Amino acid sequence: MSISQNIDKILKSIPENVKLIAVSKTKPQEDIIEAYEGGYKIFGENKPQELKQKYEALPKDIEWHFIGHLQTNKVKYIAGFVQLIHAVDSMKLLQEINKQALKHNRVINCLLQFHIAQEESKFGYDLAEAKGMLNSEEFENLEGINIIGVMGMATFTDDQDQVRAEFKQLKTSYEALKSEFFNDKDDFSEISMGMSGDYQLAIEEGSTMVRVGSSIFGSR
Ligand SMILES: *Cc1c(COP(=O)(O)O)cnc(C)c1O
C-alpha cells in the first residue's frame with residue numbers, strides 16, 4: 001500500500017476527534033510530499049535540525065509537531081513555526097521555549113510528558129513533580145507557552161494489560177491536572193498517547209492524539 005493509502009486506512013479506523021500525527025522522522029522529503037499530495041498535512045519529527053530543514057523545504061501549510069525529547073539548546077531551530085511540542089519534561093526546557101517563543105512573538109503550545117513506562121530510560125514527570133512545577137512561581141511568569149495537555153509513551157512490550165494500565169495512568173494524571181490547574185481552560189484537552197503498535201488501545205483509553213510512524217511510512 002502507498003503512504004496515502006496507509007494514512008487513509010488509519011483515518012478510517014480512528015474516531016474523528018482523534019488527531020493523527022504522521023511521524024515522518026528519518027524519512028525523506030519525498031515521502032512527506034507524497035502524503036501531502038494525498039491531502040495530509042500533519043507531521044511529527046523528533047530531531048530539531050531535521051525538522052527545520054523539512055520545514056524550510058516543504059509547503060508552509062504543513063502543521064509540524066515536535067514529538068521527541070527536546071534539548072534546551074535546540075529549541076531555537078523550531079520555535080518559529082512548530083505547532084505543538086509534545087514532550088516537555090523540565091522547567092529549564094519550558095523557560096527556554098518561553099524565551100524563544102517571545103523572540104518570535106508567538107505563544108507555543110506544549111504538552112507535559114509523563115513517565116508511564118517501566119523502562120528507566122524514558123523521560124517525563126510523575127504526577128507530584130508536574131504539580132510542583134505548575135505550582136511554582138517560575139511557571140506563572142511564562143507568557144510564551146500554553147500547556148494544552150499531556151503526553152506519554154507506554155512500555156515497549158507485547159503485554160497488552162500492562163500497556164493499557166500505563167495509558168490509564170496517563171489519563172488519570174491528565175484528569176488530576178485538569179481539575180486542579182486547568183478547570184477553566186478549555187484548550188487543556190489533549191492526551192497524546194499511542195504509536196503504530198498500540199494506538200487502538202490508546203484510543204480506547206482516551207487518547208486524543210496518536211503519533212504513528214512505521215504503519216504509515218514503513219519501518220525505519
Ligand atoms: C518514533 C516515535 C513515534 C512513532 O513510532 P512508530 O512505532 O513508528 O509509530 C511516536 N512517538 C514518538 C515520541 C516517537 O519518537
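Counting convention: from 1, in listed order, for ligands and their atoms alike. Everything quoted here is computed from the prediction, not taken from an experiment.
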*Quick one: look up the protein heavy atom nearest atom 12 (C) of ligand 1 and list residue, atom name and how far away it is.*
Ile67 CD1, 3.5 Å
*Name the closest protein heavy atom to atom 9 (O) of ligand 1, giving the residue it belongs to and the distance to 0.1 Å.*
Ser196 OG, 2.5 Å
*asked:* Parallel, tilted or perpendicular, judged at 30° and 60°: which one describes the rings of Trp64 and Phe43?
replied: tilted
*Identify the protein heavy atom lying closest to atom 5 (O) of ligand 1, giving its residue, its atom name and the separation to 0.1 Å.*
Met195 CE, 3.4 Å
*With distance as the sole test, does His115 use its side chain to make a donor-acceptor pair with the main-chain N or O of Ala117 at under 3.5 Å?*
yes
_Exercise: do Gln118 and Gln162 side chains pair donor with acceptor under 3.5 Å_ = yes
*Is there a donor in the side chain of Tyr40 and an acceptor in the side chain of Asp8, or the other way round, less than 3.5 Å apart?*
no
_Checking a contact table here: which protein heavy atom is nearest atom 2 (C) of ligand 1, and how many Å away?_
Lys25 NZ, 2.6 Å
*asked:* Looking only at side-chain N and O atoms, does Ser24 offer a donor or acceptor that is under 3.5 Å from a partner on Glu45?
replied: yes
*Taking NZ, NE, NH1 and NH2 as the nitrogens, is one of them in Lys178 or Glu175 under 4.0 Å from a carboxylate oxygen of the other?*
no
*asked:* Counting only nitrogen or oxygen atoms and a 3.5 angstrom limit, does Gly197 reach ligand 1?
replied: no
_Out of all atoms in ligand 1, which are within 4.0 Å of some heavy atom of Val212? Include the element for each._
9 (O)
_Does only the side chain of Arg220 get under 4.0 Å from ligand 1, or the backbone, or both, or neither? Count heavy atoms._
side chain
_Any donor-acceptor pair under 3.5 Å linking the side-chain atoms of Lys185 with those of Asn146?_
yes
*asked:* Just to confirm my output: which protein heavy-atom neighbour is closest to atom 4 (C) of ligand 1, and how far is it?
replied: Arg211 O, 3.6 Å
_Counting only nitrogen or oxygen atoms and a 3.5 angstrom limit, does Ser215 reach ligand 1?_
no
